[in-house]
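Here's the structure we're looking at; comments come further down.
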Amino acid sequence: MWTSAKTIRASVESLKRCQRCCMGTVWRGDTDRGQRQLCRVLSSASKPKWRLLFFGTDHFAVESLKLLTSCRGTSEGIVETLEVVTLAGDVPVKRFAQENHLPLHSWPPDDVNGRFDVGVVVSFGCLLPERLISKFPYGILNVHPSLLPRWRGPAPIFHTILHGDSVTGVSIIQIRPHRFDVGPILNQQFYQVPENCTADELGGTLATMGAHLLINTLMSLSERMENQREQGQTGATFAPKIKMSMSWIVWEEQTCDQIDRLYRAVGSRIPLRTMWMGRTIKLLDFAGKCHVSLSDQRRNPIPGSVSFQKESNTLAVCCKDGWVGFRSVLLNKRLTAADFYNGYLHQTRQKNTPCETAEGQFFSKKGGIEVHQMRKNSKL
């Protein structure tokens with residue numbers, strides 16, 4: 001069973017009593033060596049030397065592992081030993097561990113009994129069983145890039161951007177079995193989300209912040225555990241994994257701001273998509289909100305209508321409350337806005353066929369409204 005707050009309070013009181021004993025006692029001879037060693041260890045608890053087992057996979061996790069590695073084996077460091085558990089494949093954490101000669105374990109790890117004081121989980125993706133957690137006297141810590149209980153789940157950074165949160169941060173919690181991201185909070189740091197920030201930019205900042213907050217937590221872990229606070233359900237939200245189906249734009253339902261946030265959240269990994277003449281087009285190089293003046297003022301553009309803006313070389317597309325622009329698209333190959341207009345839109349419009357309206361319009365794919373369904377279902 002994981003370490004309880006009651007047990008921690010008792011341990012801290014014992015530590016204080018032993019520290020007073022050690023400071024006021026002159027040891028004589030070599031008798032009672034075990035007691036002397038115990039007091040020496042406890043009296044140095046203000047500068048602990050942890051035996052750590054690290055669980056992680058991606059670049060976000062590497063930042064914490066990098067800082068822990070730099071704290072290893074120095075007189076001022078807090079890490080005595082550091083070993084790594086990661087998943088199969090050529091993942092960033094595995095590469096870093098190999099390059100820095102850190103012992104590697106496959107998942108699930110064996111030979112854990114009595115070898116480690118505390119575990120650290122950063123962006124690992126696997127639920128740790130209770131029988132594993134119980135093998136760590138100080139439990140297992142998790143670096144999570146949100147202000148829990150907001151955005152529990154595997155993709156908190158993406159949902160922070162997607163939902164337009166102005167404030168986020170990093171939480172250090174203790175892992176609990178059976179559910180992700182529900183353990184008590186040991187440490188937390190707030191961060192003001194910069195305007196127009198992308199998920200990649202925010203992830204880099206929070207990775208660095210989380211690494212330093214982890215070190216801060218390890219430096220006073222006993223006290224942090226003694227003063228831990230349980231998460232409440234008020235304000236709890238779920239951040240499900242990002243899926244390709246989220247990248248479909250629903251022109252008649254999404255506003256300029258929503259499309260902007262969607263692009264900043266997922267655009268670097270999953271290109272935004274739409275339909276044109278029955279074909280899938282990927283929309284690249286988002287240009288933001290556009291101001292479009294139509295030659296025919298009597299015409300009321302419908303969502304999905306496309307207008308080529310020669311001055312800025314963008315394709316402006318009408319959405320729920322305005323126009324948004326893209327500088328290039330991917331059809332059979334990557335095309336600039338001008339290339340797409342000259343090679344496709346302009347030529348088809350000259351044919352003056354009954355399908356002329358469709359040729360100048362992007363269509364939403366049926367069923368491509370998962371982003372909105374996820375917004376509705378984000379409350380736990």
Side-chain angles (χ1 to χ4, degrees), residues 2 52-68 84-87 91-93 118-128 132-133 136 138-163 165-193 197 199-221 224-225 227-242 265 378-380:
W2 53 86
L52 294 177
L53 184 60
F54 184 90
F55 302 75
T57 55
D58 61 13
H59 289 291
F60 185 91
V62 166
E63 288 303 309
S64 289
L65 183 57
K66 188 185 302 182
L67 198 54
L68 289 172
V84 176
V85 177
T86 191
L87 303 180
V91 296
V93 163
V118 61
V120 173
V121 170
V122 188
S123 193
F124 187 56
C126 294
L127 195 63
L128 274 59
L132 176 60
I133 299 172
F136 295 82
Y138 282 81
I140 300 180
L141 310 183
N142 174 226
V143 180
H144 186 82
S146 80
L147 297 177
L148 291 170
R150 184 157 179 81
W151 300 133
R152 295 170 177 169
I157 295 172
F158 294 101
H159 288 274
T160 295
I161 298 296
L162 183 63
H163 289 76
D165 290 4
S166 59
V167 177
T168 186
V170 178
S171 302
I172 308 293
I173 66 170
Q174 269 207 311
I175 291 287
R176 291 290 184 256
H178 312 309
R179 291 182 63 194
F180 285 108
D181 308 327
V182 298
I185 296 171
L186 305 183
N187 209 348
Q188 208 165 50
Q189 185 172 347
F190 289 71
Y191 180 69
Q192 192 81 26
V193 180
C197 183
D200 288 342
E201 292 165 345
L202 182 60
T205 299
L206 295 184
T208 301
M209 182 184 297
H212 286 87
L213 194 65
L214 172 63
I215 299 300
N216 176 271
T217 304
L218 287 169
M219 290 178 69
S220 55
L221 183 56
R224 295 283 180 184
M225 292 172 70
N227 297 301
Q228 65 188 16
R229 61 183 175 87
E230 296 293 334
Q231 295 185 42
Q233 283 300 310
T234 303
T237 50
F238 181 59
K241 206 171 185 178
I242 297 299
S378 62
K379 295 289 183 182
L380 288 179

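- The shortest distance between side-chain heavy atoms of Ser64 and Val120 does not fall below 4.5 Å.
- Counting only heavy atoms from C-beta outward, the side chains of His163 and Thr237 never approach each other to under 4.5 Å.
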Subject >> Candidate pair Leu68 and Ile215, rule side chain to side chain contact (heavy atoms under 4.5 Å, CB included), full reasoning >> reply: CA-CA 7 Å; Leu68 289 172; Ile215 299 300; 3.6 Å; yes
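- Here the side chains of Val170 and Asn187 are not in contact, with every heavy-atom distance at 4.5 Å or above.
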Subject >> Steps toward side chain to side chain contact (heavy atoms under 4.5 Å, CB included) verdict (Leu132, Phe55) >> reply: CA-CA 12 Å; Leu132 176 60; Phe55 302 75; 4.1 Å; yes
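- Residues Thr160 and Leu206 have side chains not in contact (no heavy-atom distance under 4.5 Å, counting atoms from C-beta outward).
- Pairing each heavy atom of Phe124 with each of Val85, the nearest pair is CE1-O, 3.9 Å.
- Atom CZ of Phe190 and atom CG of Leu147 lie 5.0 Å apart (nearest 0.5 Å).
- A donor-acceptor contact shorter than 3.5 Å is absent between the side chain of His212 and the backbone of Leu67.
- What you find for Thr234 and Pro149 is that their closest heavy atoms are O-CG, 3.7 Å.
- For the pair Leu52/Val118, a side-chain contact is recorded, criterion being any heavy-atom separation below 4.5 Å from C-beta on.
- The OG1 atom of Thr217 lies 4.5 Å from the CD1 atom of Ile172; values are rounded to the nearest 0.5 Å.
- Rounded to the nearest 0.5 angstrom, Asp165 CG and Cys197 SG are separated by 12.0 Å.
- Checked by atom type and distance alone, the side chain of Gln231 pairs as donor or acceptor with a backbone atom of Asp181 at under 3.5 Å.
- A side-chain donor-acceptor contact under 3.5 Å links Arg229 and Gln188.
- Taken from CD in Gln228 to CD in Gln174, the straight-line distance is 5.5 Å, to the nearest 0.5 Å.
- Atoms CZ and CG, on Phe158 and Leu202 in that order, are 10.0 Å from each other to the nearest 0.5 Å.
- Side-chain N or O atoms of His159 include none that pairs as donor or acceptor with a backbone N or O of Phe238 at under 3.5 Å.
- Between Phe54 and Ala61, the shortest heavy-atom contact is CZ-O, 3.4 Å.
- Of all the heavy atoms in Ser146 and Thr168, the pair that sits closest is CA-OG1, 4.0 Å.
- Put simply, CD1 on Ile157 and NE2 on His144 are 9.0 Å apart, with the number rounded to the nearest 0.5 Å.
- Between Asn216 and Arg224, the closest side-chain pair of non-hydrogen atoms falls below 4.5 Å.
- Here the closest heavy-atom approach between residue Pro154 and residue Lys241 is recorded as CG-N, 3.6 Å.
- For the pair Asn142 (side chain) and Ile173 (backbone), a donor-acceptor distance under 3.5 Å is absent.
- Side-chain contact between Pro184 and Arg176: present, with at least one pair of heavy atoms (C-beta onward) separated by less than 4.5 Å.
- Considering all non-hydrogen atoms of both residues, Thr57 and Ser123 come closest at OG1-O, 2.7 Å.
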**OP:** Applying side chain to side chain contact (heavy atoms under 4.5 Å, CB included), run through Leu141 and Leu218 and close with a yes or a no.
**Re:** CA-CA 9 Å; Leu141 310 183; Leu218 287 169; 3.8 Å; yes
